[in-house]
Amino acid sequence: MISVLTALRRTFEDLARVDTAPRRTAAALAVGVGLSFSPLLGLQILLGIGAALAFRLSRVAVLIGLCANVPWVMVPWYAGTTAAAATLLGTSSPVDVSERLRRIFSVPFYQAAFWGHAADLLDAFFWPFLVGPSLGALTLATITYAVAVRVLTERARLKMEGAAAAASVLPGDAEKRTADGHVDDA
C-alpha cells in the first residue's frame with residue numbers, strides 16, 4: 001500500500017511539473033482514467049491520444065491516466081461493474097454460460113447456428129457490459145478530476161510561494177530564514 005501511495009505522489013509531482021494550468025492537466029488525467037476503465041477495450045489509447053490532440057490536453061497526463069487500469073484490476077472491475085449493471089437493468093437472471101458455450105462450440109464457426117448461439121450469449125451480457133463499466137469509468141474520471149485539481153492547484157501554489165520567497169532573498173543578504181519562514185536579521 002505504501003508503494004502505491006509513493007507512486008501516486010511521484011505521479012502528481014511529475015504532473016505538477018507540466019507547464020499547463022492545473023485544471024487542464026487534471027482534465028487530461030481524468031480523460032485517461034475514464035477511458036482506461038471504459039468498456040472500449042482496445043480503443044483506449046487511440047481515443048485518448050485523439051482526445052488529447054482534439055482538446056489540446058497534455059498527452060503525457062492522458063497516457064498516465066490510461067495506465068490506471070492494470071491487468072490484475074481489469075477482471076474484477078469488468079465483472080463487478082457488469083454484474084452491478086445487470087442487477088440495475090434487471091437482467092441479472094441466471095445465465096448458464098457453460099451451456100451456452102457448449103452450444104456455440106457444438107457447431108462449426110462457419111455455420112449460421114454458431115453465430116446465432118454466439119449472439120444469444122452476447123445478448124445476455126452486452127447491455128450490462130456497456131452500461132456498468134461506462135458508469136463506473138465516468139465516476140472514476142470525476143473523482144480523478146476532483147482530486148487532481150486539488151492536488152495540482154496546491155502544488156502550483158506552493159511552487160509559486162517558493163519562487164516568490166527565493167526571489168525576495170538577494171545574493172549577499174545576511175538574512176536567515178527561521179523554520180517558520182520569518183526573516184532573522186543577523
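The side-chain heavy atoms of Gln44 and Asn69, taken from C-beta on, include no pair separated by under 4.5 Å. At least one side-chain heavy atom of Leu53 sits under 4.5 Å from a side-chain heavy atom of Arg59.
Hydrophobic cluster membership differs between Val33 and Leu138, with clusters built from Ile, Leu, Val, Met, Phe, Trp and Tyr side chains linked at under 4.5 angstrom. Note: the hydrophobic cluster containing Leu57 also contains Ile49 (ILVMFWY, side chain heavy atoms under 4.5 Å, direct or indirect links). Cluster annotation: Met74 and Trp72 are assigned to the same hydrophobic cluster (Ile/Leu/Val/Met/Phe/Trp/Tyr, side-chain heavy-atom contacts under 4.5 Å, transitive). Transitive grouping of hydrophobic side chains (ILVMFWY, heavy atoms separated by less than 4.5 Å) keeps Val73 and Leu135 in distinct clusters. If you chain together hydrophobic residues whose side chains sit under 4.5 Å apart, Ile104 and Tyr110 fall into the same group.
Few gaps surround CG on Leu43; more than 12 heavy atoms of other groups in view lie less than 6.0 Å from it.
Atom CG of Leu40 and atom CG of Leu47 lie 6.0 Å apart (nearest 0.5 Å). Here Leu35 contributes atom CG and Leu46 contributes atom CG; the two are 10.0 Å apart, rounded to the nearest 0.5 Å. Going from atom CZ of Arg100 over to atom CG of Leu122 covers 10.5 Å, rounded to the nearest 0.5 Å. Within the model, atoms CG of Leu29 and CG of Leu66 stand 9.5 Å from one another, a figure rounded to the nearest 0.5 Å. To the nearest 0.5 Å, the span separating CH2 on Trp127 from OG1 on Thr82 amounts to 13.5 Å. In this structure, Phe126 CZ and Leu121 CG are separated by 13.0 Å, a value rounded to the nearest 0.5 Å.
A donor-acceptor contact shorter than 3.5 Å links the side chain of Tyr78 to the backbone of Ser38. Judged by distance alone, with hydrogens and angles left aside, the side-chain atoms of Ser58 form no donor-acceptor pair with the main-chain N or O of Thr25 at under 3.5 Å. Between the Trp77 side chain and the Phe37 main chain, a donor and an acceptor come within less than 3.5 Å of each other. Counting only distance, with no hydrogens or angles, the side chain of Arg155 and the backbone of Pro22 share no donor-acceptor pair below 3.5 Å.
Across all non-hydrogen atoms, the minimal contact from Ala30 to Tyr145 is CB-CB, 3.8 Å. Summarising the geometry of Val149 relative to Ala26, their closest heavy-atom pair is CG2-CB, 3.4 Å, with the distance given to 0.1 Å. For the residue pair Val70 and Cys67, the shortest heavy atom distance occurs at CG1-O, 3.7 Å. Between Ser36 and Gly65, the shortest heavy-atom distance links the atoms CB-O, 3.5 Å. Across all their heavy atoms, Arg103 and His117 have their closest contact at O-CD2, 3.3 Å.
A salt bridge does not link Glu154 with Arg150: every distance from a Lys NZ or Arg NE/NH1/NH2 to an Asp or Glu carboxylate oxygen is 4.0 Å or more.
Ring geometry, Phe114 versus Phe109: the interplanar angle exceeds 60°, so the pair is classed perpendicular (tilted spans 30 to 60°).
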